[in-house]
Amino acid sequence: MSDSARLAQLLFPHITQTPAQLMEQVYPPRELPEGAVVTRFAPSPTGFMHIGNVFTSLVAERAAHLSGGRVILRIEDTDKKREVEGGAELIVRGLSDFGIYFDEGVLPGGEQGAYGPYRQSMRAELYHVFCKDLVERGLAYPCFCTEDELAEYRARQEQAGVTPGYWGEYAEKCRSRSYDEIKALVDAGKPYVVRLRSPGKPGGRVKLRDVIRGEIEMEENFIDVVLLKSDGIPTYHFAHVVDDTLMRVTQVIRGEEWVASAPIHLQLFWLCGLKTPKYAHVSPLMKEDGGAKRKLSKRKDPEAAVSYFSEQGYPASAVTEYLLTIANSGFEDWRRQNREAPCSEFPFSLKKMSLSGALFDLVKLQSVSAEVISRMTAEEVCESVLAWAKEYDADLYARLSADKSFAAGIFAIDRGGKKPRKDIAKWSDVRGYASYFFDDMLTRESADTLPDGETRRAILQAYLEVLDAADDKDTWFEKIRGLCAPLGFCPDVKQYKESPEQYRGHVGDVSAVIRMALTGRLNTPDLHAITALLGQERCLARIKDYMEKEC
RNA sequence: GGCCCGUUGGUCAAGCGGCUAAGACGCCGCCCUUUCACGGCGGAAACAUGGGUUCGAUUCCCGUACGGGUCACCA
């Protein structure tokens, strides 16, 4: 038995399987149609859901499903220091709230799929199988260096101006230990990590063919990176190689921050004798900050957290739709041509993704969201508002649910037709949008564009005599027009424009006064509908109140 | 600092050797309109920079500047 075989046995006495056995017997190739792609989203359960997570997972989901393949949700919980209780559930639920559905992995209903377990903390043995193989072949070794020693090396390397890390002469100490030496250390209970014995050389080159970014040439890895931490749990690098191999992932879609470590991954695949998946590195979402661009930051930017969007009440579909416009610029054109089609029909393409990080633009999101909401039916809007308010605005919820048909009436105004309004971009806008429907929330904004008090009084006095909230729209309109002539206003805007000097104003000015009396605003949806919804008594009361206080 | 990547209007972006350099958001104006919207039309607004290559560069190459990423027993 060779030294390395004895070493492998010493380090992993409990492992009996080989990588090949695992791959043939436990995790065989998937049976999928030609061209189908398997992707995955692999977050770490830190208890914080970044909007960038939604973006990357959306991209992975689209790429897989458009090809007829599958997406996996895997939890990367190999760092207990960062892990937060319930963090995984938060992500799983968050993603499903955004309508991003996974085929297997950690799903809302629990784990599902034949290639699990899907939490890395449950996969220790699998990593050990591959690691043992590497040790056996002399490609990995235990390292007993302490943090202090490592820090010292780093200091020396920095001083010398050479690449920091465990390599070359700095790696000699543990690289060259004999079996007996190691055995003594292990028996003495000394903690160790397992490191890769990298065959790379400084100056060596590797090429990465990235689906989004094209060919990238980089320096090859020559660092003896850690494969297994001292607690026996793998680092990201090693877990990535083992998991994506075993789960039969064909395309690794991940953040751009991983490009730099791709040489490590490529080398690991190669040394393990495995086929490398395709890589697609997605650019991060950026934020404008004092004229400069930077990554959206969880600390500085409230909109980095997905909770921000639910709190504000952006429909999840609006957020994903906006994200899609960032992902593929062709989306907007497609949307204009396919107003009602579900996003899933959009021919998303990884290749068309932008290389530079896009600024996350809340103003644009508002516009997209207003568009999305304008396409909803009154019932959908009403339900969504209610669901949102129940969680985030108890007062509004109480008001709306106290009289559901009244609430439904509010959202039915100017909605559902060919020209829906777009003045609700998020559910938190609703309180401001609908406040005047409630007597105790009615306030009147100041308006110096209205006729003088005396005129306003005359208009309202006349309107009071004919007002009937039950009128149909044409009758209502004719009554408004009827108010005009006796008071010196023109009942027809076109006519007014021909000779404005003959009038004190036009029918629009008259209705502005009525609108102000009824709603306290200059800007509201269809006045007739509002009048009807408010009802005779309330309309009369509001007009009288206005005449008393403001005329 | 080393290694990668990027740079078209305020923002997202088409473009892939020859164009008056699309479109969307935002902004401004006009039209439509009972108000408010919606919609329509129009406007201001861009190829970071210096060298090449070429008959011709936004497009190809090199340098510079600026921006981003990364250099852990974190992912």
Side-chain angles (χ1 to χ4, degrees), chain A residues 42-46 76-79 81-82 120 143 145 147 150 154 158 161-166 191-195 202 208 210 213-214 216-219 223 225-231 233-237 239-240 254-263 281 283-284 286 288 292-295 322 325-326 328-333 335-336 352 354-368 374 414 417-423 473 476-478 480-481 484 491-494 506-516 519 521-528 530:
Chain A
S44 128
T46 59
E76 310 231 318
D77 54 351
T78 55
D79 183 8
K81 289 189 291 294
R82 303 209 323 171
Q120 291 182 329
C143 168
C145 291
E147 257 179 72
L150 260 18
R154 196 165 22 245
E158 268 165 34
V162 1
T163 307
Y166 209 77
Y192 63 89
V193 300
V194 178
R195 309 190 92 109
L208 167 70
D210 187 283
R213 321 177 82 84
I216 305 171
E217 191 180 309
M218 285 171 285
E219 187 170 33
I223 310 275
V225 292
V226 173
L227 264 22
L228 251 32
K229 300 185 260 189
S230 55
D231 55 7
I233 292 176
T235 56
Y236 171 88
H237 307 303
H240 153 51
R254 52 167 30 170
E256 187 199 28
E257 66 270 23
W258 292 109
V259 173
S261 40
H281 291 97
S283 303
M286 311 293 284
E288 164 101 51
K293 252 171 131 182
R294 38 152 255 254
K295 225 168 145 171
Y322 171 61
T325 71
I326 291 184
N328 268 190
S329 70
F331 179 79
E332 286 187 87
D333 286 333
R335 174 49 83 205
R336 233 168 291 127
K352 288 185 185 154
S354 166
L355 265 26
S356 46
L359 230 46
F360 192 88
D361 185 358
L362 281 173
V363 176
K364 177 90 179 188
L365 169 64
Q366 303 244 2
S367 147
V368 170
S374 80
D414 279 352
K418 288 177 291 293
K419 296 179 174 181
R421 299 177 68 87
K422 296 185 178 174
D423 39 16
K473 190 155 181 177
W476 169 84
F477 177 41
E478 280 313 313
I480 303 271
R481 289 178 77 141
C484 293
D492 184 274
V493 179
K494 233 177 229 155
H506 58 77
V507 63
D509 298 312
V510 172
S511 45
V513 172
I514 299 171
R515 164 174 285 108
M516 178 54 75
T519 69
R521 301 181 187 193
L522 259 14
N523 175 340
T524 70
D526 181 57
L527 235 200
H528 167 257
I530 291 172

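In what follows, chains carry the letters A, B, and so on, assigned in the order in which the sequence lines appear, proteins first and then strands, with residues in each chain numbered from 1. Just so it is clear, the structure is predicted and the values come from calculations on it, not from any experiment.
- Judged by distance alone, with hydrogens and angles left aside, A:Arg421 brings a side-chain donor or acceptor within reach of the base of B:rC36, the pair sitting under 3.5 Å.
- Taking atom C1' on both nucleotides, B:rU8 is separated from B:rA13 by 9 Å, rounded to a whole Å.
- Residue A:Arg82 places a side-chain atom within donor-acceptor reach of the base of B:rC74, judged by atom type and a 3.5 Å distance cut-off alone.
- Summarising the geometry, the separation between CD1 on A:Ile223 and C1' on B:rC3 is reported as 12 Å, rounded to the nearest angstrom.
- Comparing B:rA21 with B:rA57, their P atoms are spaced 15 Å from each other, to the whole Å.
- A:Leu522 comes within 4.0 angstrom of sugar-phosphate atoms only, judged by non-hydrogen atoms across all strands, and of no base.
- Shortest non-hydrogen contact noted between A:Ser283 and A:Arg213 is OG-NH1, 3.4 Å.
- Only the C1' atoms considered, B:rC47 is 10 Å distant from B:rU7, to the nearest whole Å.
- Between A:Arg254 and B:rA75 there is no side-chain polar atom (N or O) within less than 4.0 angstrom of OP1 or OP2.
- Side-chain atoms of A:Ser367 lie closest to B:rG26 of the nucleotides B:rG26, B:rA24, B:rC74.
- A gap of 13 Å separates the P atoms of B:rU59 and B:rC19, to the nearest Å.
- Which of B:rC38, B:rG6, B:rG23 sits closest to the side chain of A:Lys422 comes down to B:rC38.
- Comparing the same atom, C1', in B:rU58 and in B:rG50 gives a spacing of 16 Å after rounding to whole Å.
- In the interface, the side chain of A:Ser230 is paired with the base of B:rC73 through a donor and an acceptor atom under 3.5 Å apart.
- Comparing B:rU34, B:rU7, B:rG26 by their nearest atom to the side chain of A:Trp476 picks out B:rU34.
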5'-to-3' dot-bracket of RNA chain B (Watson-Crick, G-U; under 3.5 angstrom; crossing pairs as [ ]; | other strand)
((((((((.[[[..)..(....]]].(((((.......)))))....[[[[[..)....]]]]])))))))....

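- Phosphate proximity of B:rA13 to A:Ser354: present, with a side-chain N or O under 4.0 Å from OP1 or OP2.
- At the phosphate of B:rC16, neither OP1 nor OP2 sits under 4.0 Å from any side-chain N or O atom of A:Lys352.
- Using atom P as the reference point in both B:rG26 and B:rC41, the two lie 16 Å apart (nearest Å).
- Closest approach to the A:Tyr236 side chain among B:rC3, B:rG26, B:rA75 is made by B:rA75 (side chain taken as heavy atoms from C-beta onward).
- Closest approach of A:Lys229 to A:Thr78, counting heavy atoms only: NZ-O, 3.0 Å.
- Each of B:rC12, B:rG26, B:rU34 was ranked by its minimum atom distance to the side chain of A:Leu359; first place goes to B:rC12.
- The aromatic rings of A:Tyr236 and A:Trp258 sit parallel, their planes meeting at an angle under 30°, below the 60° perpendicular limit.
- Of the candidates B:rG26, B:rC4, B:rC73, B:rC73 carries the atom nearest the A:Val226 side chain, counting heavy atoms from C-beta on.
- For A:Asn328 (side chain) and A:Gly330 (main-chain N/O), no donor-acceptor pair under 3.5 Å exists by modelled atom type.
- At distances below 3.5 Å, not a single donor-acceptor pair connects side-chain atoms of A:Ser374 with backbone N or O atoms of A:Lys422.
- Comparing B:rC12, B:rC74, B:rC4 by their closest approach to the side chain of A:Lys229 singles out B:rC74.
- Across all strands shown, A:Pro284 has no heavy atoms under 4.0 Å from either base or sugar-phosphate atoms.
- The gap from the P atom of B:rC28 to that of B:rA37 amounts to 12 Å, rounded to the nearest Å.
- With distances taken from any side-chain atom of A:Ser329 to the nucleotides B:rG69, B:rA14, B:rC73, the minimum falls on B:rA14.
- Comparing B:rU70, B:rG23, B:rC4 by their closest approach to the side chain of A:Val259 singles out B:rC4.
- Of the candidates B:rU70, B:rU34, B:rC74, the closest approach to any side-chain atom of A:Glu257 belongs to B:rU70.
- Across B:rA46 and B:rG10, the matching P atoms stand 7 Å from one another, rounded to whole Å.
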